[in-house]
Asker: 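Here it is, the structure in full.
Residue numbers start from 1 in every chain, and the chains themselves are labelled A, B, ... in the order their sequence lines are given, proteins ahead of strands.
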Protein chains: 2
Amino acid sequence: MPETLIPTAASAVPPRASSIRPPRPTPRSRVVGENSTLLYEGGRNRSLYRVVDGCIVLSQLLDDGRRQITDVLGPGRLFGFTVDGRNIATAETLSIARIEPLGDADLNATNPTVASELKTTLQRMQVHATLLGRKTASEKVASALVELARLFNRTGRNGAPARLGFHLHLTRADLADWLGLTVETVSRCLNRFKREGLIDFSHPKTMRVLDPERLEATAGFTRHRTGDAARP
Amino acid sequence: MPETLIPTAASAVPPRASSIRPPRPTPRSRVVGENSTLLYEGGRNRSLYRVVDGCIVLSQLLDDGRRQITDVLGPGRLFGFTVDGRNIATAETLSIARIEPLGDADLNATNPTVASELKTTLQRMQVHATLLGRKTASEKVASALVELARLFNRTGRNGAPARLGFHLHLTRADLADWLGLTVETVSRCLNRFKREGLIDFSHPKTMRVLDPERLEATAGFTRHRTGDAARP
DNA sequence: CGCCGGATTGAGTGACGTCAATTACTGTGG
DNA sequence: CCACAGTAATTGACGTCACTCAATCCGGCG
């Protein structure tokens, strides 16, 4: 099946008509079910996709099964980069996701949009490396919450962001694999933050940030020695 | 001083005439001294450089001084990527280094060479994220040795690679900051490997791999679920 | 209601970090 | 060439943060 995106699992969920309303149907955009591994391929070069809606993570495995989630993608992000025709990472959907293949004109990494996405991705990866290598468990979990809140900020019906509530698409295990921790440690941190009034959640996936300042302080701050590239 | 590369430290070492013989002087290539922080900038867009020779690392800091080395660059690699005109990371030389600014035609990220470099860098970052998040201290140190051996493989006078000897440009502290460990742990691992006959070193920076197979086995193996993009 | 996967919680342990003392290098000045 | 100072590396003793193991709880679903 050339040119198609091939989910391995249950996949291709026919969305209950109400739950997803196509936000102005994009040419050839597709809906993929939760928990599918995306073996995106595509004859010639058709490997780049844009996340329109939902949450997709990129991951790698060690041969004994240890998993590292290397990036968490939300609306707008691209995935499917290749080196020598091989995908760089495995992509999995953590929610029903809508994705859209990039048009032929955009497939090339020399496309400005793609090039720019590559650079910001690189930057995110570097910040995450610092988190993985140098932050404590609490700092890691706090950082994750800050980032996910930004990424999946629930917009109220008026279009304005609701008061810092967001849907956590990741399970505790996913968070652990993203942050280089164990499920138990993630759980303990989250519940400590809850006791301390930084966040709140009744359902494990429905997060609300109560004290953004203190949460961000707990997350720590990344900098690097100066270096404006263009200018004064 | 527009358009120049500005080292902060002692810098601009006038190389003792013998120690560096320009390998056919590249247009506008420069020699930078050891242990300089490179505040590369450059009026318009002049921010991309290629490492011709030597070792340069990219790093980030947390506000309390914890450091993470996000990438180690050897001959051929590019550095100086920017997002919104800001450098993504700080670059420091770990040896006397020869670098070469990319020509005007190449400055843009849409240049195929640059785009391709961005992708392989992204891939390296992902593999390193897995190392940081999921590998043990021993696996980390072994992985580092394997990678650095490849990167700085000392070529014998006949041009063929000498028997797995290489110069370790990083100090124990640099290794620690790259691998997310402490100096002491790095040192213990290295000396254990030495006792076990995997490697040897008399001088702390002069490494030799004695048993490549066992070293690579100790390093562990990264994979990710399949996914040829362009395909049979 | 009973099952099952995810999440929480507690108790105990171990890998790696911290602290401190010693040794090995490197460079400088006499 | 040697003395000395300063930094890097090693090594040991000890402490702790996060992992492991295990029990329990909770929520969604047949």
Asker: Does R172(A) contact dT9(C) through a side-chain donor or acceptor facing the base, at a distance under 3.5 Å?
Answerer: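 Checked by distance alone, the answer is no.
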Asker: If you take all heavy atoms of T70(B) and M125(B), which pair is closest and at what distance?
Answerer: O-SD, 3.4 Å
Asker: Nearest to the side chain of S187(B), which nucleotide is it out of dA7(C), dT18(C), dT10(D)?
Answerer: dT10(D)
Asker: From the options dA8(D), dT18(C), dC16(C), select the nucleotide whose nearest atom is closest to the side chain of T171(B).
Answerer: dA8(D)
Asker: Using whole Å, what does the distance between atom C1' of nucleotide dT7(D) and atom CD of E34(B) come to?
Answerer: 13 Å
Asker: Which of these nucleotides, dT10(D), dA18(D), dT8(C), is closest to any side-chain atom of V183(B)?
Answerer: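 Nearest to the side chain of V183(B) among the choices is dT10(D).
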Asker: Starting the side chain at C-beta, find the nucleotide from dT10(D), dG10(C), dC19(C) nearest to R188(A).
Answerer: dG10(C)
Asker: Flag yes if more than 12 heavy atoms outside R192(A) fall under 6.0 Å of its CZ atom; otherwise flag no.
Answerer: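 Counting other residues, nucleotides and ligands, CZ of R192(A) exceeds 12 neighbours.
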Asker: Whole-Å distance between dG6(C) P and N191(A) CG?
Answerer: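 Between P of dG6(C) and CG of N191(A): 17 Å.
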Asker: Please verify the inter-ring angle class for F152(B) with H169(B); under 30° counts as parallel, over 60° as perpendicular, anything in between as tilted.
Answerer: perpendicular
Asker: Passes salt bridge (Lys or Arg N to Asp or Glu O under 4.0 Å), E139(B) versus R66(A)? Steps please.
Answerer: CA-CA 13 Å; E139(B) 290 171 333; R66(A) 282 173 285 177; 2.8 Å; yes
Asker: Considering every strand and a 4.0 Å limit on heavy-atom distances, what is the contact class for L181(A): base, sugar-phosphate, or nothing?
Answerer: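 Sugar-phosphate, backbone atoms only, no base.
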Asker: If you find the nucleotide of DNA chain D closest to E184(A) and the one closest to A173(B), which residue's nucleotide is nearer the 5' end?
Answerer: A173(B)
Asker: How long is the line joining CG of N35(B) and P of dA8(D), in whole Å?
Answerer: 9 Å
Asker: Looking only at the side chain of T185(A) (C-beta and beyond, no hydrogens), which of the listed nucleotides dT8(C), dA9(D), dA18(D) gets closest?
Answerer: dA18(D)
Asker: Can you give one letter per nucleotide of nucleotides 24-30 of chain D, 5' to 3': B if a protein heavy atom sits under 4.0 Å from the base, S if only from the sugar-phosphate, - if neither?
Answerer: ----S--
Asker: Taking all non-hydrogen atoms of both residues, which atom of L122(B) and which atom of T121(A) are closest, and how far apart?
Answerer: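 Nearest pair, atom of L122(B) first, then T121(A): CD1-CG2, 3.6 Å.
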Asker: Taking all heavy atoms of I56(A) and all of L38(A), pick out the closest pair and write down the distance.
Answerer: CD1-CD1, 4.1 Å
Asker: To the nearest angstrom, how far is L132(B) atom CG from dC16(C) atom P?
Answerer: 14 Å
Asker: Does the side chain of V141(B) reach to within under 4.5 Å of the side chain of L175(B), using non-hydrogen atoms?
Answerer: no
Asker: Between C1' on dG12(D) and CZ on R192(B), what's the gap in Å once rounded to a whole number?
Answerer: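 Result: 16 Å.
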